[in-house]
Amino acid sequence: MPSLSTELPLRVTLTGKPGLYTQAQWKMDWPGCEFEGGVTPGRVELRPADLAAKMGPALRIHFAPGQIGPEEGGAGWRWPIGTHDAVELLYTVRFSPDFEFVKGGKLPGLCGGPENVSGGRRADGHNGFSARLMWRREARGEAYLYHKNQPEKYGQSFAFPKDFHFPVGVPVKVRLAVTMNRPEQKDGSVRVWITLPNEKEKMLVEQTHMEWRSSAKFGVDGLYFEAFHGGSDTTWAPKTPCWAEFSDIQVTAASR
């Protein structure tokens with residue numbers, strides 16, 4: 001379990017020379033992770049800062065044609081950040097100009113609890129929660145949540161407005177805030193803001209009656225870095241190579 005003493009804000013500092021992102025670099029930049037997908041097989045690349053796009057050094061995640069999930073088709077790990085009641089995750093994402101959205105895929109978010117609650121492992125109020133983003137068909141977006149009152153086995157989707165589409169080839173700023181509920185109260189929340197190039201930040205999701213947990217034994221304790229297509233089968237997979245880049249990743253305290 002992560003240490004309760006970890007103080008916010010935290011910023012991911014990407015080290016090493018541009019090129020293949022090695023496991024040694026990953027361990028230095030993301031200390032304390034218990035598992036990883038994508039780094040060892042070589043699907044993660046460190047890219048230099050892009051001053052023209054106003055992006056810092058970035059991790060480029062390469063998506064393998066015909067593959068889904070962080071183990072085979074993208075990347076994923078859980079970075080311990082200490083335990084907190086209200087947290088904001090900020091990052092910039094850029095999809096390759098030829099990105100294949102297909103049916104959908106996962107983007108980084110926040111999580112907490114003793115288990116990795118995702119992939120059909122239903123949240124029950126004691127085992128944890130997760131709050132990630134997803135891209136969907138036609139570059140649409142949503143918040144994708146595993147929480148105590150989720151209606152089905154898999155996560156519950158809260159769609160972005162119908163007129164929203166992720167652009168390709170340009171940086172998109174993401175801000176995701178999660179506030180834990182008091183035990184046995186539905187007073188937790190999740191909010192998502194997106195900033196598109198040359199536009200003002202917009203709130204696209206706000207849910208203020210969330211029940212993430214049944215007791216105060218856990219809070220927000222992890223940055224759930226995931227980037228992959230899927231989905232339950234290869235009909236979600238891209239047919240050709242494509243990538244997404246992530247930069248300026250940080251975690252800050254949020255207000256209730």
Side-chain angles (χ1 to χ4, degrees), residues 20-23 26 30 33-47 58-79 91 93-111 115-123 127-147 150-160 162 164-169 172 174 176 192 222-246:
L20 180 67
Y21 194 57
T22 67
Q23 191 177 72
W26 172 76
W30 303 82
C33 296
E34 296 181 358
F35 64 90
E36 60 91 355
V39 176
T40 300
R43 290 193 299 274
V44 184
E45 178 187 359
L46 178 59
R47 301 288 297 178
L59 292 183
R60 177 177 287 187
I61 311 301
H62 293 271
F63 301 103
Q67 301 295 332
I68 61 171
E71 296 84 5
E72 303 294 336
W77 50 83
R78 176 174 174 167
W79 187 43
Y91 59 89
V93 58
R94 176 166 60 178
F95 295 97
S96 62
D98 57 354
F99 192 83
E100 291 188 59
F101 289 93
V102 200
K103 291 183 177 181
K106 307 302 190 296
L107 292 168
L110 297 165
C111 64
E115 300 179 16
N116 293 315
V117 181
S118 63
R121 178 178 290 172
R122 189 177 185 133
N127 58 349
F129 80 94
S130 63
R132 294 166 293 172
L133 300 189
M134 286 190 69
W135 73 79
R136 287 288 193 175
R137 295 178 189 269
E138 301 177 339
R140 299 185 185 279
E142 66 180 45
Y144 184 67
L145 314 179
Y146 278 73
H147 62 97
Q150 64 189 78
E152 299 178 355
K153 175 182 177 181
Y154 291 93
Q156 184 173 10
S157 298
F158 294 92
F160 292 179
K162 291 183 179 180
F164 178 88
H165 300 269
F166 280 110
V168 298
V172 176
V174 174
L176 165 67
V192 180
L223 192 171
Y224 213 170
F225 186 93
E226 290 199 310
F228 60 86
H229 287 77
S232 58
D233 58 47
T234 56
T235 62
W236 296 68
K239 294 181 180 179
T240 59
C242 56
W243 50 260
E245 292 177 342
F246 299 88

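Because only heavy atoms are used, hydrogens play no part in the values below, and waters and symmetry mates are left out as well, while side chains stay in.
- Aromatic ring centres of F160 and F158 lie farther apart than the 6.0 Å criterion allows.
- A heavy-atom distance below 4.5 Å is found between the side chains of Y21 and L59.
- Closest approach of L133 and A143 over heavy atoms only: CD2-CA, 4.0 Å.
- Minimum heavy-atom separation, R122 to V117: C-CG1, 4.1 Å.
- Considering only heavy atoms from C-beta on, F63 stays 4.5 Å or farther from S96 through its side chain.
- The CD atom of E226 lies 8.5 Å from the SG atom of C111; values are rounded to the nearest 0.5 Å.
- Using a 4.5 Å heavy-atom cutoff, the side chains of P151 and Q156 are in contact.
- At distances below 3.5 Å, not a single donor-acceptor pair connects side-chain atoms of R136 with backbone N or O atoms of F101.
- At least one side-chain heavy atom of R132 sits under 4.5 Å from a side-chain heavy atom of Y146.
- Rounding to the nearest 0.5 angstrom, the gap separating the OG1 atom in T240 from the CZ atom in F99 is 10.0 Å.
- With R43 contributing its side chain and G74 its backbone, the two residues share a donor-acceptor pair below 3.5 Å.
- Across all their heavy atoms, A131 and L176 have their closest contact at O-CD2, 3.3 Å.
- With hydrogens and angles ignored, the 3.5 Å screen pairs a side-chain donor or acceptor of Q150 with a backbone N or O of E152.
- Nearest heavy-atom pair, G76 versus P70, reported as atom, atom and distance to 0.1 Å: N-CB, 3.7 Å.
- With E100 contributing its side chain and C242 its backbone, the two residues share no donor-acceptor pair below 3.5 Å.
- Taking the six-membered ring for Trp and the full ring otherwise, W135 and H229 have centroids separated by under 6.0 Å.
- P167 approaches F95 most closely through the heavy-atom pair O-CD1, 3.8 Å.
- Contact check for W26 versus W77: side-chain heavy atoms found under the 4.5 Å cut-off.
- Side-chain N/O atoms of R78 and N116 include a donor and acceptor closer than 3.5 Å.
- With values rounded to the nearest 0.5 angstrom, T22 atom OG1 is found 9.5 Å from L46 atom CG.
- A distance below 6.0 Å separates the ring centres of F225 and F246.
- Between E142 and R140, none of the side-chain N atoms (NZ, or NE/NH1/NH2) sits under 4.0 Å from a carboxylate O, so this pair counts as no salt bridge.
- Across every non-hydrogen atom of A64 and P238, the tightest pair is O-CG, 3.8 Å.
- The closest donor-acceptor contact from the side chain of T234 to the backbone of G66 lies at 3.5 Å or more, if one exists at all.
- A donor-acceptor pair is defined here as one N or O able to donate and one able to accept, closer than 3.5 Å; such a pair exists between the side chain of H165 and the backbone of E138.
- Of the inter-residue distances, the one linking L107 atom CG with Y91 atom OH reads 4.5 Å to the nearest 0.5 angstrom.
- In summary, of the residues considered (Y144, Y154, Y224), a side-chain contact (heavy atoms from CB on, under 4.5 Å) with S118 occurs for Y224 alone.
- Looking at K106, its side chain does come within 3.5 Å of a backbone N or O of G230 through a donor-acceptor pair.
- In this structure, Q67 CD and F228 CZ are separated by 13.0 Å, a value rounded to the nearest 0.5 Å.
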